[in-house]
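First the structure, in the form of structure tokens, and then the observations on it.
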Amino acid sequence: SDFTFTAPTSLEYNGSAKTATVVPAAGKTGMGEVTIEYYNAAGQKVPSAINAGKYTVKINVTEGDSYQAKDGLTDNTWNFTITQVELTPVVTLSGAISNEYNGDKNLSAADLAKLNVTFEDSGNNAVTVNSSDYTVTASYADANAETDKAITVTVALKEGTDAKTNYTLADGGVVTGSDIKGTITKKEIESSASVYLKIGSSTTATVDLSKVPGLPSGESFSFTADDNESLTGFTGDVSTSTLTLTSNNSGNEGDSSTYMVTGTGTNYVVEITVTVTLTSKEIKEITATVGADLTYNDGETVAGIVTNGPAIDGETSATFTTTYEGIGNTNYPASTTAPVNAGTYKVTFALSGDSNFVADPLVKEFEIKAKNISTATITFGKTSYPYDAAGVKPTDVTVKIGEKTLLSDTDYTLSYGENKTAGTNAGSVTVNGQGNYTGTATGNFTIDKKAASVPANASVKVGETATIEVETDGTITLT
């Protein structure tokens, strides 16, 4: 070979340019000046070899006493690779992390902001990485309530950044430690029940605490009586999930007291207020049934919420009040008007009043499910849309179910396909149901081809050959 190539001696990334040398081989004289150029793995010429990756060296030689000028000289051995540096993410907390149970094991944005992330190399030297070049996620092993609960933090370098090119992260960027902990407290909720207790000697009434409305499904509770003082006409006892109320043959008709019970579960603490009313009248039972498969009806009345009753056996003249109320995460204040929106509810049937007998209120729970949006009709404001290299994203979209026009960001959100290819129905938009709607619906639209355009400065000299390239956006280039 006419030249001797020497690769850089230190090939681990350090932010500085790596310099190779190419000189005439021993005994080769009369050459011109040699200029070195660096090309990355994609074959692109770069000013210098700094970032991690494989580089190929090419030289340009000017005319000398014995040799002609030559550009782009290289050899298949004239290359070297700059290796990435492994960094270890170090995580510390800037404040305590404590939240009420919400069923999500992932940390919120507010809690992620309390995680301070720094980086060290293998020698424990601090390395600066721009915060815009990496992401941080963190989660517990599960979503259950617990004190001093271990948090697992995952740091990921963003694609397309210098940090991703030049560094790798130890253990895949996963960080755990005895100091990275948080607390999930039990969610506090309230519930209530009402019961009549007949005045007499040791007469009793019972309340099944596990069936008190509003208790989360799938949660088991341990119930204990609170410090109940100033009870009128009775005593109470809690055993397992049953509250037993016993009359002491005192008190008057209509006297009322509250008995407080606390239920403790894995993720919830429920305070139950039991209203106990004394009576000398006969206590009867209200019966009623509610629908089991209810679906949102586009804002109209939902049929079948109450399918039977309310009634009291043998009392055809009994009258009732019916009250609806949201439970759990459903916000619907107590009302005699039935709800129409998707959610979970309770309905309370209470005797309006009778001089001869009383009845404990009957409480039933029901759910109105979100409606599947898959039957929606999707229309667009235009018959077609011009090509856009970034992807076509129409916003003049109308979504209807029947005659009802749905509201964007209330009933649904929009997401788009790639939409970078012209053609009839080549574009797509997906309607994602939310709130009272669930599921998805897809609509298609036409993307017009872009007219080809030649740059104003494009030219070819007589006798020369040019390559014509037509880009997907219609632009023509001559090379």
Side-chain angles (χ1 to χ4, degrees), residues 5-21 36 38-42 44 46-57 78-99 104-185:
F5 168 78
T6 304
T9 55
S10 177
L11 288 175
E12 185 178 65
Y13 171 79
N14 63 3
S16 298
K18 309 296 183 181
T19 303
T21 60
I36 294 179
Y38 299 94
Y39 291 79
N40 62 21
Q44 300 167 324
V46 293
S48 55
I50 297 178
N51 290 330
K54 184 176 181 179
Y55 292 88
T56 297
V57 172
W78 293 6
N79 56 69
F80 61 92
T81 298
I82 300 176
T83 59
Q84 294 175 307
V85 175
E86 184 179 74
L87 300 182
T88 298
V90 179
V91 179
T92 57
L93 299 181
S94 63
I97 294 177
S98 180
N99 293 285
D104 189 356
K105 69 178 183 179
N106 299 309
L107 267 63
S108 66
D111 286 332
L112 288 175
K114 297 177 182 178
L115 303 178
N116 297 322
V117 180
T118 57
F119 298 87
E120 293 180 352
D121 62 16
S122 58
N124 296 326
N125 300 304
V127 176
T128 300
V129 179
N130 292 330
S131 59
S132 59
D133 287 353
Y134 61 88
T135 60
V136 179
T137 56
S139 64
Y140 299 100
D142 55 55
N144 291 332
E146 185 181 337
T147 301
D148 289 335
K149 194 176 178 75
I151 297 172
T152 297
V153 180
T154 301
V155 182
L157 300 174
K158 291 182 181 180
E159 295 291 341
T161 63
D162 285 347
K164 180 68 174 178
T165 300
N166 297 316
Y167 302 113
T168 60
L169 298 181
D171 299 320
V174 177
V175 183
T176 57
S178 59
D179 296 330
I180 312 175
K181 293 183 178 181
T183 294
I184 300 178
T185 60

Worked check of side-chain contact (heavy atoms from CB on, under 4.5 Å) between Val57 and Tyr38 = CA-CA 5 Å; Val57 172; Tyr38 299 94; 4.0 Å; yes
Please assess Thr137 against Asn106 for the test side-chain contact (heavy atoms from CB on, under 4.5 Å), listing each intermediate value before the final yes or no.
-> CA-CA 8 Å; Thr137 56; Asn106 299 309; over 6 Å; no
Could you tell me which residues satisfy side chain to side chain donor-acceptor pair (under 3.5 Å) with Asn99, sequence neighbours excluded, listed by chain and number?
-> Asp111
Hey, what do you get for CD1 (Ile97) to NZ (Lys181), rounding to the nearest 0.5 Å?
-> 13.0 Å
Check whether any side-chain heavy atom of Thr19 sits under 4.5 Å from a side-chain heavy atom of Pro8, and report yes or no.
-> no
Pairs satisfying side chain to side chain donor-acceptor pair (under 3.5 Å), at least one member in residues 84-95, at least two apart = none
Partner set under side chain to side chain donor-acceptor pair (under 3.5 Å) for Asn40, not counting sequence neighbours | Gln44
Can you name the side-chain contact (heavy atoms from CB on, under 4.5 Å) partners of Thr176, sequence neighbours left out?
-> Thr152
Ala17 to Ser48 - nearest heavy-atom pair and separation | CB-CB, 4.0 Å
May I have all residue pairs that pass side chain to side chain donor-acceptor pair (under 3.5 Å) and include part of residues 155-166, sequence neighbours excluded?
-> Asn51-Asn166
Residues in side chain to side chain donor-acceptor pair (under 3.5 Å) with Asp142, at least two apart?
-> Lys149
Does the side chain of Asp121 reach to within under 4.5 Å of the side chain of Leu87, using non-hydrogen atoms?
-> yes
If a pair satisfies side chain to side chain donor-acceptor pair (under 3.5 Å) and one of its residues is in residues 7-16, list it, with sequence neighbours excluded.
-> Asn14-Lys18
Mind listing the closest non-hydrogen atom pair of Ala170 and Pro89 along with its distance?
-> O-CD, 4.4 Å
Where Asp179 and Leu93 come nearest, the two heavy atoms and their spacing = O-CD1, 3.6 Å
Measure up the Tyr55 and Phe80 rings against each other and bin them: parallel (under 30°), tilted (30 to 60°), perpendicular (over 60°).
-> parallel
Closest non-hydrogen atom pair between Ile82 and Ala49, with its separation | CD1-O, 3.6 Å
ring-ring contact (aromatic ring centres under 6.0 Å, His included): pairs with one or both residues in residues 135-163, sequence neighbours excluded = none
Roughly how far, to the nearest 0.5 Å, is the CZ atom of Phe5 from the CG atom of Asn79?
-> 6.5 Å
Test ring-ring contact (aromatic ring centres under 6.0 Å, His included) applied to Tyr134 - qualifying residues, sequence neighbours left out | Phe119
Can you name the side-chain contact (heavy atoms from CB on, under 4.5 Å) partners of Ala138, sequence neighbours left out?
-> Leu107, Leu112, Leu115, Ile151, Val153
At their closest point, which heavy atom of Val129 faces which heavy atom of Tyr167, and how far apart are they?
-> CG2-CE1, 4.3 Å
By side-chain contact (heavy atoms from CB on, under 4.5 Å), Asn130 pairs with (sequence neighbours left out) Ser132, Asp133
Thr118 meets the side-chain contact (heavy atoms from CB on, under 4.5 Å) criterion, sequence neighbours left out, with Val90
